[in-house]
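Since the structure is predicted, the reported quantities are computational estimates derived from the model, not experimental observations. Protein chains get the first letters and strands the later ones, always in sequence-line order, with residue 1 at the start of each.
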Number of protein chains: 2
Amino acid sequence: MIFSTLELNKNEPIYTQLERHILEGIRKGELTKGSKLPSTREASKFLNVSRNSVIAAYEELEGRAVITTKRGKGTFVSIDGHKESFDYDIDWNKKVNFYGNTLRNLDIIKSELSYEKGMISFKSIAPEEDLFNVDDFKRALLDAWNFEQENLLNYGYAKGYKPLIDYFTHYMESKGVSTYNKDILITNGFTEAFDIILSSLTKEGDVILCEEPTHNTALKIMKSHKLKIVQIPMDKDGIKLKELEEAIKKYSPSFGYFIPSYNNPTGIVTKGERRKELMRLCREYKVPIIEDGFNEELLYSSSPAKPLAALGGEGNGVIYIGSLSKILFPGLRIGWILGDLNLIDTLESVKRGRTIHSSFLDQSAFYYYLKSGAFNRYLRNVRKFYKDKYNLVMESIEKYIDYDYVTGEGGLHVFIKLKNSLDARKLLDICYKRGVIFMSGDIFFENGQGKDSLRIGFGRVKDEDIVKGIKIIGEGIRELS
Amino acid sequence: MIFSTLELNKNEPIYTQLERHILEGIRKGELTKGSKLPSTREASKFLNVSRNSVIAAYEELEGRAVITTKRGKGTFVSIDGHKESFDYDIDWNKKVNFYGNTLRNLDIIKSELSYEKGMISFKSIAPEEDLFNVDDFKRALLDAWNFEQENLLNYGYAKGYKPLIDYFTHYMESKGVSTYNKDILITNGFTEAFDIILSSLTKEGDVILCEEPTHNTALKIMKSHKLKIVQIPMDKDGIKLKELEEAIKKYSPSFGYFIPSYNNPTGIVTKGERRKELMRLCREYKVPIIEDGFNEELLYSSSPAKPLAALGGEGNGVIYIGSLSKILFPGLRIGWILGDLNLIDTLESVKRGRTIHSSFLDQSAFYYYLKSGAFNRYLRNVRKFYKDKYNLVMESIEKYIDYDYVTGEGGLHVFIKLKNSLDARKLLDICYKRGVIFMSGDIFFENGQGKDSLRIGFGRVKDEDIVKGIKIIGEGIRELS
């Protein structure tokens with residue numbers, strides 16, 4: 001009796017356990033082609049489970065043609081599990097190339113200390129999902145479904161879902177960006193957008209300028225493409241212009257990659273005048289810009305700072321990467337590239353060669369969500385929510401932490417430079433033991449600098465945990481000093 | 001009066017037209033900061049549109065802080081549109097590298113004759129969307145939503161949605177594949193899976209063996225990675241073994257890429273014995289295999305042919321790429337890689353560095369769809385549907401077409417080799433004028449061969465159009481002969 005060796009567990013439906021047990025029996029040769037299985041009645045009695053579970057398992061296996069029921073005769077195994085083997089092994093580690101190794105070795109999810117349940121985590125800069133208005137989203141999802149139906153399920157277009165492209169086109173126009181002679185490609189978030197641009201427009205050894213410090217994922221992708229990364233220091237108004245100009249002259253960079261709104265990790269917003277000066281320099285030396293619109297939406301509407309892409313007017317020198325998914329529905333993976341019309345045509349082909357297109361179901365649901373006005377309501381809501389959290393974070397830092405300086409003007413994170421070159425990794429070790437976790441600053445620097453700094457992401461941390469967690473960090477600092 | 005230059009069109013909601021007109025006015029300098037806008041009453045009267053449309057436009061612009069309403073005073077422009085310009089242009093064509101150019105130049109959607117409305121198209125091998133059971137899918141979507149809610153909307157895991165990974169694990173086991181020491185990575189379909197594998201495990205000049213002819217997208221991706229492609233001829237049982245062994249000896253290939261079930265474009269199913277011989281050779285010479293499970297699900301369940309991954313037993317030599325999305329919901333972009341545990345760990349990091357993860361909404365909906373049993377019902381249904389179409393195609397070819405040989409044993413396409421080196425592109429030109437389109441065979445060959453062949457994709461062609469279309473192709477052949 002095949003089921004005499006089966007031990008049922010409680011964590012899985014009975015029928016899948018029965019199914020797997022039969023499949024294993026076939027593979028091990030305990031059941032051969034033609035073997036008769038117990039009847040569903042016998043099996044249910046023997047195992048003391050409902051007969052429906054056995055029937056479900058048998059039906060499933062029959063659907064896959066693993067077993068066959070002959071009327072009046074019983075159920076039989078219809079495949080041969082005892083097979084000749086052609087096993088061989090490859091040493092995959094040796095085959096992984098520079099690209100694969102770089103992305104593996106710089107995958108901070110696998111190297112950094114990880115969050116454990118019950119901890120206070122300042123590590124993430126993901127948005128607070130309790131703020132997502134799930135009813136609005138569900139309505140949008142159903143709108144998309146009702147309007148498009150099976151169209152969403154067959155192949156779509158690499159460039160993206162047309163109504164969403166049109167929406168983002170108007171959206172960019174409302175930020176003052178000229179879309180004349182420009183076009184939009186929908187991507188799987190910022191990451192795919194940035195990777196597609198670098199893959200298609202750079203070659204090994206090209207120099208790319210960026211802020212110091214800068215977005216860790218961007219650093220990782222630049223390294224995977226063998227680019228030479230030159231980081232330019234910032235002050236409270238943004239990237240330093242003198243250093244920028246010197247670097248441009250020295251390196252003739254292939255690109256400048258900038259995050260003018262809420263630089264990650266420092267939270268510095270590049271000021272309006274600084275943006276203009278930055279553009280003036282890039283225009284003078286014809287340096288193409290990749291602008292990362294990261295969290296621009298959280299800027300208060302009164303803020304006079306326009307995207308670099310807006311300052312670039314009708315020129316094609318700026319490629320803008322947008323991604324609402326940093327503040328809304330990261331799980332959907334929707335971002336976009338706005339750039340020169342012909343360039344987007346090429347990048348569209350690259351996108352097609354990589355992922356064909358982004359999910360049309362998601363794009364359509366996202367479109368109906370945006371169109372409903374829910375996004376604007378959401379933004380008003382979260383700006384207030386995060387602003388309050390930000391104020392609490394800054395108060396708590398003032399109260400508990402002995403810092404060299406703190407940067408960040410809102411958004412979802414601030415950045416702390418510690419005094420006396422205190423080692424943030426040692427601090428992290430201490431805090432981790434006490435249930436507090438944050439991001440050590442060194443990962444945002446190209447050359448092992450930033451060891452005395454840390455990023456505090458606060459979007460998803462409860463108010464009382466903000467105070468408690470920052471207090472614990474402060475205590476750790478005093479112990480280490 | 002700003003609206004005196006506005007001409008309304010009927011294809012777009014009034015309020016978006018109003019909105020855009022105001023934004024353009026600001027950009028052109030016709031409206032400057034502080035300009036007063038007409039009241040909603042004035043504007044609606046002047047334009048002869050409903051006041052609600054004007055209110056909607058103003059509210060939207062107010063939400064974006066472009067205009068402000070001061071109680072009792074009116075509505076005013078609150079941003080400065082007259083900006084200094086920092087326009088500059090980059091010659092992007094010159095910056096596009098080998099990778100970008102390859103994917104652009106080999107993008108057949110942009111180079112091949114395109115379908116126009118009313119044509120009979122044998123070009124596509126996409127599934128017939130009328131067969132999708134949209135009610136089953138909608139139920140699955142709602143199940144996913146109700147069970148997971150906002151979890152689906154925040155960041156997920158690069159490896160994929162756990163229940164779906166488990167499902168595919170069992171699914172592969174039911175195909176006789178050992179999952180011991182193996183793992184699964186969810187990808188955006190076959191394309192991303194193949195691209196991630198080649199990106200991470202090959203280097204310029206590496207030799208990759210594949211069938212001749214083979215999947216055009218795979219050829220494109222291999223070329224974009226600068227691989228040397230060596231195609232091995234096939235006969236009706238699959239790839240030719242003598243030629244395969246010679247090529248292995250000559251080139252010491254980095255990989256073999258095979259499509260054992262319904263090779264694309266020939267529709268040849270590699271027979272059971274041939275699969276074993278193929279595995280024997282690859283084991284002997286330690287050639288790693290990338291198996292493309294393309295349309296395996298359409299094989300009749302009585303078919304004895306197992307995936308190469310099943311023949312590979314507990315060895316790690318075979319990397320299997322699965323994608324149900326060739327027959328079900330291509331718009332969702334869901335596929336998977338099954339391979340060595342540690343290798344998948346690396347590829348997971350690569351996936352994270354490219355698209356973070358695939359949409360969790362889609363993965364979850366897909367999981368609930370599969371789990372419900374709807375997929376098995378769907379398969380039974382479509383196998384019958386496509387089989388009937390296949391038979392009609394073969395009958396019509398016999399009746400109307402003077403061929404050298406025809407291959408294809410079901411699936412969604414067959415492949416015709418024409419007599420006397422007849423030029424399939426000339427044939428396509430003739431047929432196109434008569435409203436029939438198909439895929440010229442040369443795109444499935446590496447070196448400009450296959451000019452006298454064509455692929456007939458029939459999944460989405462109506463029965464009467466199959467007969468009519470193939471008749472027209474037959475007439476074209478006679479004219480050209």
Q) Pro330(B), Ala193(B), Gly100(B): which one forms the most heavy-atom pairs within less than 4.5 Å of chain A? A) Pro330(B)
Q) Under a 4.5 Å heavy-atom cut-off, does chain B meet the side chain of Tyr155(A), its backbone, both or neither? A) both
Q: Provide the closest heavy-atom pair for Glu60(A) versus Tyr167(B) in the form atom of the first, atom of the second, distance.
A: OE2-OH, 4.2 Å
Q.
So for Arg380(A), is it side chain, backbone, both, or neither that comes closer than 4.5 Å to the heavy atoms of chain B?
A. side chain
**Q.** Structural part of Leu201(B) lying under 4.5 Å from a heavy atom of chain A
**A.** both
Q. Nearest heavy-atom pair of Lys110(A) and Ser349(B): which atoms, and what distance?
A. NZ-OG, 2.9 Å
Q) Out of Leu103(A), Asp362(A), Leu153(A), Asn93(A), which one racks up the most heavy-atom pairs below 4.5 Å with chain B? A) Leu153(A)
Q) Which answer fits Ile109(B), side chain, backbone, both or neither, if we ask what part of it has an atom under 4.5 Å from a heavy atom of chain A? A) side chain
Q. Taking Ser199(A), Ser124(A), Gly189(A) one by one, which has the highest count of heavy-atom pairs under 4.5 Å against chain B?
A. Ser199(A)
Q) Which region of Glu12(B), side chain (C-beta onward) or backbone (N, CA, C, O), has a non-hydrogen atom less than 4.5 Å from a non-hydrogen atom of chain A, or is it both or neither? A) side chain
Q | Interface moiety of Arg20(B) toward chain A, non-hydrogen atoms closer than 4.5 Å | A | side chain
Q) What's the spacing between Leu281(A) CG and Phe86(B) CZ if we round to 0.5 Å? A) 10.5 Å
Q | Region of Leu61(A) in contact with chain B, defined by heavy-atom distances below 4.5 Å | A | neither
Q. With only heavy atoms counted, which part of Asp345(A) is less than 4.5 Å from chain B, the side chain, the backbone, both or neither?
A. both
Q: Give the member of Lys203(B), His170(B), Glu173(B), Lys220(B) that has the highest number of heavy-atom pairs under 4.5 Å with chain A.
A: His170(B)
Q: Find the distance between CG (Leu361(A)) and CG (Leu141(B)) and round it off to the nearest 0.5 Å.
A: 5.5 Å
Q) In Å, rounded to the nearest 0.5 Å, how long is the span from CG of Asn316(A) to CD1 of Ile90(B)? A) 6.5 Å
Q: Flag the one option from Leu379(A), Thr346(A), Leu328(A) with the top tally of heavy-atom pairs under 4.5 Å to chain B.
A: Thr346(A)
Q | Region of Val66(B) that comes under 4.5 Å of a non-hydrogen atom in chain A | A | side chain
(Q) Side chains of Lys138(A) and Leu142(B), heavy atoms from C-beta outward: is any pair under 4.5 Å? (A) yes
Q.
Using heavy-atom distances under 4.5 Å, tell me whether Asn146(A) contacts chain B through its side chain, its backbone, both, or neither.
A. side chain
**Q.** Closest heavy-atom pair and its distance - Arg352(B), Asp107(A)
**A.** NH1-OD2, 2.5 Å
Q) Which atoms of Asp206(B) come close to chain A, meaning under 4.5 Å heavy atom to heavy atom: side chain ones, backbone ones, both, or neither? A) neither
(Q) Taking OH in Tyr157(B) as the centre, count heavy atoms belonging to other residues, nucleotides or ligands within less than 6.0 Å. Is the count above 12? (A) no
Q. When rounded to the nearest 0.5 angstrom, what distance separates OH in Tyr99(B) from OG1 in Thr202(A)?
A. 11.5 Å
**Q.** Between CG on residue Asn97(A) and OG on residue Ser254(B), distance to nearest 0.5 Å
**A.** 10.0 Å
**Q.** Portion of Lys286(B) that has a non-hydrogen atom of chain A nearer than 4.5 angstrom
**A.** both
Q) Minimum heavy-atom separation for Trp145(B) to Val134(A), with atom names? A) CZ2-O, 3.4 Å
Q. Pick from Asn376(B), Leu343(B), Asp195(B): which one has the most heavy-atom pairs with chain A under 4.5 Å?
A. Leu343(B)
(Q) Taking Gly315(B)'s backbone N and O only, do any of them form a donor-acceptor pair with Asp89(A)'s side chain (distance below 3.5 Å, no angle check)? (A) no
Q: Nearest 0.5 Å please: distance from the OH atom of Tyr88(B) over to the CZ atom of Arg283(A).
A: 9.5 Å
Q: Measure Leu152(B) against the heavy atoms of chain A and call it side chain, backbone, both or neither at under 4.5 Å.
A: backbone
Q: Please determine, among Ser78(B), Gly335(B), Cys282(B), Ser358(B), the option with the most heavy-atom pairs under 4.5 Å with chain A.
A: Cys282(B)
Q: Would you mind reporting whether Glu129(A) and Asn151(B) have side-chain heavy atoms less than 4.5 Å apart?
A: yes
**Q.** Top of Lys175(B), Glu348(B), Glu19(B) for chain A proximity - count of heavy-atom pairs under 4.5 angstrom
**A.** Glu348(B)
Q: Heavy-atom distances under 4.5 Å only: say whether Ile289(A) touches chain B with side chain, backbone, both or neither.
A: both
Q.
Ring of Phe255(A), cation from Lys95(B) - is the NZ or CZ under 6.0 Å from the centre and inside 45° of the axis?
A. yes
**Q.** Side-chain heavy atoms of Leu347(A) within contact of Arg104(B), under 4.5 Å
**A.** no
Q: Tell me, for Ile22(A) versus chain B, whether the close heavy atoms (under 4.5 Å) come from the side chain, the backbone, both or neither.
A: neither
Q: Give the minimum heavy-atom separation between Arg333(A) and His357(B), together with the two atoms involved.
A: CG-O, 3.3 Å
Q) Is Asn154(A) reaching over with its side chain to a backbone N or O of Pro127(B), donor-acceptor style, under 3.5 angstrom? A) yes
Q: Verify, without hydrogens or angle tests, whether Trp92(B) (side chain) and Ile344(A) (backbone) share a donor-acceptor contact under 3.5 angstrom.
A: no
Q: Give a yes or no on whether the backbone of Thr355(B) and the side-chain of Asn188(A) come within a donor-acceptor separation of less than 3.5 Å.
A: no
Q: Please state whether the side chain, the backbone, both or neither of Arg460(A) comes within less than 4.5 Å of a heavy atom of chain B.
A: side chain
Q | Ile108(B) portion near chain A, given a 4.5 angstrom heavy-atom threshold | A | neither
